[in-house]
Amino acid sequence: MDRGRPWTVDTGWTRVGLGLDSGLLFAGSANGLRAVDTDSGERRWTHDLGDWSVTAPAVGRDTLFVGGDRLWALDPTEGGGDAGPPVRFERSFHGRVGPGPVLDDGTLYVVAETGEETTHLLALS
């Protein structure tokens, strides 16, 4: 049985993956991060990630983590429209953040530019 597509939403080109949690789908692109309701396809909020976005969103500890020009930790369920979600914290490094982030047993792993032509894998608690 072909049910067809129940909804579509323009996210821009999402080149690194999607995140999913509690009925929200998260898609990052050059146009920022978007949260879309999985039942209706309605855009719940957007968040600007700066001038660079190649990380897939990761959800854990009731927080959405995503990289861009810095590491962002967002409240995935709150926010509306262009106001975006509340920022729980943001952490800047020398440059961009990506790939990752990956959350495992309370530790967040990210790759970030930490100096001129220097990149490190970081374990953050």
Quick one: side chain to side chain contact (heavy atoms under 4.5 Å, CB included) partners of [X], sequence neighbours excluded?
X	answer
Val9	Trp7, Thr11, Val36
Thr118	Thr114, His120
Ser92	Arg70

State which residues pass side chain to side chain donor-acceptor pair (under 3.5 Å) with [X]; sequence neighbours excluded, sorted by chain then number.
X	answer
Glu117	none
Arg88	Thr63, Asp75
Ser40	Asp37

Say whether [X] and [Y] are linked into one hydrophobic cluster, either directly or through other cluster members, by side-chain heavy-atom distances under 4.5 angstrom.
X	Y	answer
Phe89	Val110	yes
Val111	Leu124	no
Leu74	Val59	yes

I'd like to know if the side chain of [X] and the backbone of [Y] have a donor-acceptor N/O pair within less than 3.5 Å.
X	Y	answer
Arg61	Gly106	yes
Thr38	Leu24	no
Trp72	Leu64	no

Separation between [atom1] of [X] and [atom2] of [Y], rounded to the nearest 0.5 Å:
X	Y	atom1	atom2	value
Phe26	Phe65	CZ	CZ	12.0 Å
Thr46	Leu33	OG1	CG	8.5 Å
Arg43	Arg34	CZ	CZ	6.5 Å
Leu122	Leu108	CG	CG	9.5 Å

Give the minimum heavy-atom separation between Pro101 and Ala56, together with the two atoms involved.
CD-O, 3.6 Å
Please give me the minimum heavy-atom distance between Gly19 and Pro57, naming the atom from each residue.
N-CG, 3.8 Å
Side chain to side chain contact (heavy atoms under 4.5 Å, CB included) evaluation trace for Asp69 with Leu49:
CA-CA 6 Å; Asp69 62 350; Leu49 297 174; 5.6 Å; no
Does any non-hydrogen side-chain atom of His47 lie less than 4.5 Å from one of Val87?
yes
